[in-house]
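Supplied in structure tokens, the structure appears directly below.
Here the structure is a predicted model, which means the values were calculated and not measured. Basis for what follows: all heavy atoms, side chains included, without hydrogens, waters or symmetry-related copies. Here, residue 1 is the first one in the sequence, and each next residue gets the next number.
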Amino acid sequence: MRITKGTPCGVPFLQRRHTLQQQVERVLRAHNFFSPTCTLLVACSGGVDSLALLDVLFVLQSSGGAQIVCAHYEHGIRGADSRADARFVQEFCRAREIPCVCASGDVPSYAREHRLSLETAARLCRYDFLHRVREEQVCDAVVLAHHADDLAETVLLRILRGTGPAGLGAMRVWDGTHLRPLLSMRRAEIEAYVRTRGMKPRHDATNDAVDARRNRVRHELLPLLRAQYNPAVEDALTRLSALAAEEADLLSDLAADALARAFCPAGLLTAVLQTLHPALQRRVLRMFWTQRTGATQDFSYLHAERLRALIFEKGTAHAEMPGGWRGIARYGILTLQRSTAMQAPAENSEIILPFSREYAIINFRGMAFHIRRLMCMTEQDWRRMKQREAVYADLAALPPLVLRTRRAGDFMQLPIGRKKLKEILIDDKVPQEVRDRMPLLALADTYEIFWIAGGRRSVLAPVTASSTDILSIVCVKETMPNDEQ
């Protein structure tokens, strides 16, 4: 990974603000990002959309907007052309004194190893890189160049795959991690901006091929729908997405209230679930599944229906679920349990972490952990977090934690979704011989990892401007001569 910074290029600030700049500024202000105290990580491939976005944010920075850092990931797919893209982005940033973080990967190998399509593997590797850089550079958001045409394509793809209202609300302008200020702009408007600014972006020829499903939708299906059914099909799809997102938010709020009413220490009360509308039942069950298992991607309509059937069973009934989980209904309670084969070995002990007082855990796998509560984070705390010497969490949103080592089935929630701990350690090039000895903070009674000591943390319980009760866990290497290494 390389960070480059260049010399000024003297690019003049446009006296007449372009429509694209006005739209991006509106979005930044609406989400409290138009400030020089904010830092935004801008993903840039060198193509039309991302180059236009980077240029707009650069112009706005000079008029009091957020500081920007550019991030470019070279996928290792297109050989010399791909490497030329990286050089182009670096030169663009160097001429404007924009800090630029570049990295390269071998996406084809990753796709083969994990049995993924090239498109899916590229997305996972790219987002993993972006979220890592965001953490290292302490940026407030990852800014992406998705626009209205991308949104229409995504909605159509999800309709074809079979999705519900939550899936139709495919992209949000701000989802808590990713900012998409161009989401209401059409591709043609972005191309016009690039021409106005005299920029010459790179062209990725793989976007023209029709072997990938999204490209077939873009080059074949959407033109057909536009020509024969609805000339404004993209507008119709983006409106559908906006309406579905609003309705999904309302259903989620109602489901959260229903989940609280149905919740009991052992699981969910079936008597409460039976009184709910089927749409709310499915929402509540999805929320319960996510809370219990940490999984977000592998709960389909069929899985929801399996659990819904258990709600109305008399006596004891069970249903097999993904990932070795089983839904069980008995004595009026619906619960989820991991199958016996997936349980952790008894010899892998764990230490429960109380949050109510300040204390230290000495010499756990050669490390010491200092736990305390804060009202706000200091400059030293932010430095420790950036250097991965400590983890900070909003206590109001943090489940009980334990300190332990690795177990089969461990996973972590990343901004891109659930990922196996084994894959994270491989991606981060952690030597195999030390993986089983690494201290981990995990959610109690689950396989979900909150923090790899000295490494990555999950997306759970982030510290925000409104956080007033913050858990601080500082990890330091022991220097005692009898340390267990």
Query raised in the report: Atom CG in L124, atom NZ in K419: separation rounded to 0.5 Å?
Result: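 Between L124 CG and K419 NZ, I get 6.5 Å after rounding to 0.5 Å.
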**Report entry** Residues E25, R29: salt bridge by 4.0 Å N-O rule
**Finding:** yes
Requested in this report: Search all heavy atoms of S458 against all heavy atoms of I449 and return the closest pair with its distance.
Outcome: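 Shortest heavy-atom separation between S458 and I449 comes out as CB-O, 3.7 Å.
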Requested in this report: Give, for atom CD1 of I159 and atom OG1 of T154, the distance between the pair rounded to the nearest 0.5 Å.
Outcome: 11.0 Å
Requested in this report: May I have the step-by-step check of side chain to side chain contact (heavy atoms under 4.5 Å, CB included) for H147 and L53, ending in yes or no?
Outcome: CA-CA 10 Å; H147 47 71; L53 178 60; over 6 Å; no
Query - Non-hydrogen atoms of S45 and D85 that approach each other most closely - result: O-CB, 4.0 Å
Query raised in the report: Can you name the residues that form a side-chain hydrogen bond (donor to acceptor under 3.5 Å, both in side chains) with E74, not counting sequence neighbours?
Result: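 Counting only residues at least two positions away or on another chain, E74 forms a side-chain hydrogen bond (donor to acceptor under 3.5 Å, both in side chains) with S82.
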Query - Pair R26-Q23, side chain to side chain donor-acceptor pair (under 3.5 Å): steps then yes or no - result: CA-CA 5 Å; R26 278 196 294 269; Q23 169 61 18; 3.0 Å; yes
Report task. Test D140 against F33 for side chain to side chain contact (heavy atoms under 4.5 Å, CB included), laying out the working first. Result -> CA-CA 8 Å; D140 296 286; F33 288 122; 3.8 Å; yes
Report summary line: Rounded to the nearest 0.5 angstrom, the SG-CG distance for C38 and L28 is 9.0 Å
Query raised in the report: Atom CG in L440, atom CZ in F450: separation rounded to 0.5 Å?
Result: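 Here the interatomic distance stands at 12.5 Å.
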Query raised in the report: Between D235 and T238, is a side chain to side chain donor-acceptor pair (under 3.5 Å) present by the stated rule, with each step listed?
Result: CA-CA 5 Å; D235 293 336; T238 53; 4.6 Å; no
**Report entry** Side-chain (S467) to main-chain (D394) donor-acceptor, under 3.5 angstrom
**Finding:**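 Judged by distance alone, no pair lies under 3.5 Å.
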Query raised in the report: Between R388 and E135, is there a side-chain N and carboxylate O pair less than 4.0 Å apart?
Result: yes
Requested in this report: For R457 and W451, work out which heavy atoms get closest and say how close.
Outcome: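 Reported closest heavy-atom pair: CB-CD1, 3.8 Å.
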**Report entry** R78 to H203 - nearest heavy-atom pair and separation
**Finding:**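 The answer is NH1-O, 4.3 Å.
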Requested in this report: Apply side-chain contact (heavy atoms from CB on, under 4.5 Å) to R123 and list each qualifying residue two or more places apart in sequence or on a separate chain.
Outcome: R126, Y127
**Report entry** Main-chain N/O of C44 paired to H72 side chain as donor or acceptor, under 3.5 Å
**Finding:**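 Yes, the answer is positive, given that a donor and an acceptor are paired below the 3.5 Å cut-off.
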Query raised in the report: Would you say I68 and V143 make side-chain contact, with heavy atoms under 4.5 Å?
Result: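 Answer no - side chains too far apart.
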Report task. Please answer whether the main-chain N or O of R407 pairs with a side-chain N or O of D410 as donor and acceptor at a distance below 3.5 Å. Result ->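 Yes, the answer is positive, given that a donor and an acceptor are paired below the 3.5 Å cut-off.
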Query - R112 bridged to D106 by N-O distance under 4.0 Å - result: no
Query raised in the report: Considering all heavy atoms of both residues, which atom of S241 and which atom of L151 are nearest to each other, and what is their separation?
Result: OG-CD1, 3.6 Å
Query raised in the report: Would you say M377 and M385 make side-chain contact, with heavy atoms under 4.5 Å?
Result: yes
Requested in this report: Measure the shortest side-chain to side-chain distance between V107 and Y73 over non-hydrogen atoms and say whether it is less than 4.5 angstrom.
Outcome: yes
Report task. Measure from the side-chain N and O atoms of R134 to the backbone N and O of C139, and report whether any donor-acceptor pair falls under 3.5 Å. Result -> yes
Query raised in the report: Is the closest side-chain heavy-atom distance between I424 and L414 below 4.5 Å?
Result: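 Result yes, sub-4.5 Å side-chain heavy-atom pair found.
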Query - Nearest-0.5 Å distance that lies between atom CZ in R218 and atom CG in L156 - result: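 The CG atom of L156 is 12.5 Å from CZ of R218, to the nearest 0.5 Å.
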Report task. Could you label the plane-to-plane angle of the F364 and F369 rings as parallel, tilted or perpendicular, counting under 30° as parallel and over 60° as perpendicular? Result ->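 Rings of F364 and F369: perpendicular, as their planes differ by over 60°.
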Query raised in the report: Counting only heavy atoms not in Q387, do more than 12 fall under 6.0 Å of its CD?
Result: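 Atom CD in Q387 is crowded, with more than 12 foreign heavy atoms closer than 6.0 Å.
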**Report entry** Side chains of L441 and L403 in contact at under 4.5 Å (non-hydrogen atoms)
**Finding:**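 Side chain of L441 against side chain of L403, heavy atoms only: contact under 4.5 Å found.
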**Report entry** R292 versus T446, side-chain donor and acceptor atoms under 3.5 Å
**Finding:** no
**Report entry** CA sep, side-chain torsions, deciding dist, call: R132, D428, side chain to side chain contact (heavy atoms under 4.5 Å, CB included)
**Finding:** CA-CA 10 Å; R132 224 170 38 240; D428 291 350; 4.0 Å; yes
**Report entry** For A121 against Y110, the heavy-atom pair lying closest together
**Finding:**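 Here A121 and Y110 meet closest at CB-CD2, 3.9 Å.
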**Report entry** Cationic N near anionic O, under 4.0 Å, R306 to E320
**Finding:**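 Salt bridge between R306 and E320, a charged N being under 4.0 Å from a carboxylate O: no.
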**Report entry** Parallel, tilted or perpendicular, as decided by the 30° and 60° cut-offs, for the rings of W174 and H31
**Finding:** tilted
Report task. Among L51, V56, L20, find the one that has a side-chain contact (heavy atoms from CB on, under 4.5 Å) with I190. Result ->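 The residue from L51, V56, L20 that satisfies side-chain contact (heavy atoms from CB on, under 4.5 Å) with I190 turns out to be L20.
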Query raised in the report: Charged N to carboxylate O under 4.0 angstrom, E234 versus R187?
Result: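 No salt bridge links E234 with R187.
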Requested in this report: Compare all side-chain heavy atoms of L225 with those of N230 and state whether any distance is below 4.5 angstrom.
Outcome: no
**Report entry** Straight-line distance of T405 OG1 to R435 CZ, nearest 0.5 Å
**Finding:** 14.5 Å
**Report entry** Side-chain heavy atoms of S63 within contact of V59, under 4.5 Å
**Finding:**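 In short, these two side chains do not touch, never coming nearer than 4.5 Å.
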Query raised in the report: Ignoring hydrogens and geometry, is there a side-chain-to-backbone donor-acceptor pair from D381 to T378 under 3.5 Å?
Result: yes
Query - Polar side-chain atom of R158 near backbone of G167 as donor-acceptor pair, under 3.5 Å - result: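 Here the side-chain-to-backbone pair exists.
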Query raised in the report: Quick one: does L144's side chain get under 4.5 Å of M171's, heavy atoms only?
Result: no
Query raised in the report: Under 3.5 Å, is there a donor-acceptor pair between the R283 and S252 side chains?
Result: yes
Report task. For L130 and I416, run side chain to side chain contact (heavy atoms under 4.5 Å, CB included): C-alpha distance rounded to whole Å, both residues' side-chain angles, the deciding distance at 0.1 Å, then the answer. Result -> CA-CA 10 Å; L130 291 172; I416 57 172; over 6 Å; no
Query - Polar contact flag, side-chain donor to acceptor under 3.5 angstrom, R94-Q90 - result: no
